[in-house]
Amino acid sequence: MKKSLLPPNEPQLLKFLETIYEKALEKSDLSSINTLPKTAPSELLLEIGRNFDMEIAGLSQEEMRKLLSSAMFIHKNSGTPSALKKALQSVFENVEIQEWFEYGGEPFTFRVKVSSSIKGNGKETFALLDSLIQKFKNVRSILDGVEYELHCKNKDFNANLSLSSESLSIYPHQAKDVQNTSRGSVGSAVCVYETLVSNISFLGVG
């Protein structure tokens, strides 16, 4: 038996009830008791938000979980631009906060620039944006302006394609316009040799 958590001087009835509940818990499946923002049942998210003093109604389930996951950081840095930025990042993809001395505004004013490719540009989006800003900004700070960019992801595309071709036929080589430019000459020669034979007899001379 586990050691009792009750003080020794507690009535025997409480000790008896403790034993009964201990036995009951041993047979119970406690894995369903999950209050972690990322894995808790969706039915518990609003209640978890209230425990962190966060009214998260109106957010999608994914946005709720993302905001609740940052609850400790937001509470620790409550009233700072970093806490407001963290809260807005649970809903909007890109967030930029400028304080008055960064853009030459009036003291204690600030501006917010957000962009998203998921949220639309309807009044619900702007109401949610204003609600988050007012809920997590510094009490003394005054909102000077909001810049909202809506990024559209269009998967359609237009393209033009032009094709051209040529047909080329190769035939055997044929000579055309052949001109004979060679120059030739024909010559002949006749050589005549004469042989004179004289039969002179010197017999009887003398």
Side-chain angles (χ1 to χ4, degrees), residues 5 21 25 28-164:
L5 299 178
Y21 282 112
L25 289 175
S28 300
D29 182 12
L30 302 181
S31 61
S32 60
I33 303 177
N34 183 358
T35 58
L36 297 176
K38 292 184 178 180
T39 56
S42 57
E43 301 82 17
L44 298 180
L45 294 179
L46 290 177
E47 192 61 37
I48 296 174
R50 294 187 186 98
N51 289 334
F52 284 110
D53 195 24
M54 287 184 173
E55 185 57 48
I56 59 176
L59 300 180
S60 68
Q61 185 177 146
E62 181 182 355
E63 293 167 351
M64 288 181 184
R65 295 184 187 278
K66 195 170 182 180
L67 182 58
L68 291 175
S69 297
S70 305
M72 296 299 295
F73 176 87
I74 292 173
H75 276 287
K76 183 179 179 180
N77 299 277
S78 178
T80 64
S82 59
L84 175 59
K85 184 175 182 179
K86 197 74 172 178
L88 291 175
Q89 284 176 334
S90 63
V91 178
F92 301 97
E93 298 167 28
N94 300 299
V95 179
E96 181 181 348
I97 297 177
Q98 287 186 319
E99 298 192 73
W100 62 273
F101 51 82
E102 295 178 312
Y103 62 91
E106 294 294 326
F108 303 109
T109 60
F110 69 99
R111 293 177 179 175
V112 175
K113 179 180 179 180
V114 297
S115 63
S116 175
S117 60
I118 303 175
K119 293 291 184 181
N121 58 350
K123 62 180 182 180
E124 296 85 1
T125 300
F126 296 118
L128 176 60
L129 177 59
D130 181 66
S131 174
L132 290 172
I133 292 174
Q134 298 302 326
K135 191 178 300 181
F136 296 104
K137 75 176 184 66
N138 191 304
V139 178
R140 297 182 305 168
S141 299
I142 302 172
L143 180 62
D144 190 27
V146 174
E147 183 177 346
Y148 178 69
E149 292 182 353
L150 177 61
H151 296 168
C152 297
K153 294 181 179 180
N154 188 0
K155 296 182 179 180
D156 298 331
F157 65 95
N158 297 319
N160 294 321
L161 177 64
S162 177
L163 295 176
S164 62

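Worth saying up front: this structure is predicted, and the values here are computed from it rather than measured. Here, residue 1 is the first one in the sequence, and each next residue gets the next number. Below, all heavy atoms of this structure are taken into account, side chains as well, without hydrogens, waters or symmetry copies.
Using modelled atom types, no side-chain atom of Q134 and backbone atom of S131 make a donor-acceptor pair closer than 3.5 Å. Looking at K66, its side chain does come within 3.5 Å of a backbone N or O of Q89 through a donor-acceptor pair. No donor-acceptor pair under 3.5 Å is formed between the side chain of K123 and the backbone N or O of A127. Proximity of a side-chain donor or acceptor of E47 to a complementary backbone N or O of L44 within less than 3.5 Å is not detected. When atom types are taken as modelled, the side chain of S69 and the backbone of R65 share a donor-acceptor pair closer than 3.5 angstrom.
Smallest separation of non-hydrogen atoms from I56 and M64: O-CE, 3.6 Å. Here the shortest heavy-atom pairing between K86 and F73 reads CG-CD2, 3.8 Å. Closest approach of K85 and V95 over heavy atoms only: CE-O, 3.3 Å. Residue L68 comes nearest to P37 through the heavy atom pair CB-CB, 3.6 Å, listed as atom of the first residue, atom of the second, then distance. Of all the heavy atoms in P107 and W100, the pair that sits closest is CA-CD2, 3.5 Å. The two atoms that bring L84 and I133 nearest to each other are CD1-CA, 3.8 Å, heavy atoms only.
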Next item on the list: Given side-chain contact (heavy atoms from CB on, under 4.5 Å), test T109 with L143 step by step and report yes or no.
Entry: CA-CA 6 Å; T109 60; L143 180 62; over 6 Å; no

Item checked: Evaluation steps, salt bridge (Lys or Arg N to Asp or Glu O under 4.0 Å), between R111 and E147 -> CA-CA 8 Å; R111 293 177 179 175; E147 183 177 346; over 6 Å; no

Next item on the list: In sequence, state the C-alpha distance, the side-chain angles, and the governing distance for K137 and L132, and then conclude on side-chain contact (heavy atoms from CB on, under 4.5 Å).
Entry: CA-CA 8 Å; K137 75 176 184 66; L132 290 172; over 6 Å; no

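Counting heavy atoms from C-beta outward, N138 and F110 have side chains that stay 4.5 Å or more apart. For the pair I74 and N77, the minimum side-chain heavy-atom distance is 4.5 Å or more. Using a 4.5 Å heavy-atom cutoff, the side chains of D144 and Y103 are in contact. Residues E149 and K113 form a side-chain contact, since some pair of their non-hydrogen atoms from C-beta on lies under 4.5 Å apart. Annotation: side chain of V114 is in contact with side chain of L129 (closest heavy-atom distance under 4.5 Å). Within the 4.5 Å cutoff, the side chain of L128 has heavy atoms near those of the L59 side chain.
Atom CG of L88 is separated from atom OG of S116 by 12.0 Å, given to the nearest 0.5 angstrom. Taken from CG in L67 to CZ in F136, the straight-line distance is 5.0 Å, to the nearest 0.5 Å.
Ion pairing of K135 with E55 is absent here, as no side-chain N (NZ or NE/NH1/NH2) approaches a carboxylate O to less than 4.0 Å.
Within a 6.0 Å sphere centred on CD of E96, heavy atoms belonging to other residues, nucleotides or ligands number more than 12. Few gaps surround CD on E102; more than 12 heavy atoms of other groups in view lie less than 6.0 Å from it.
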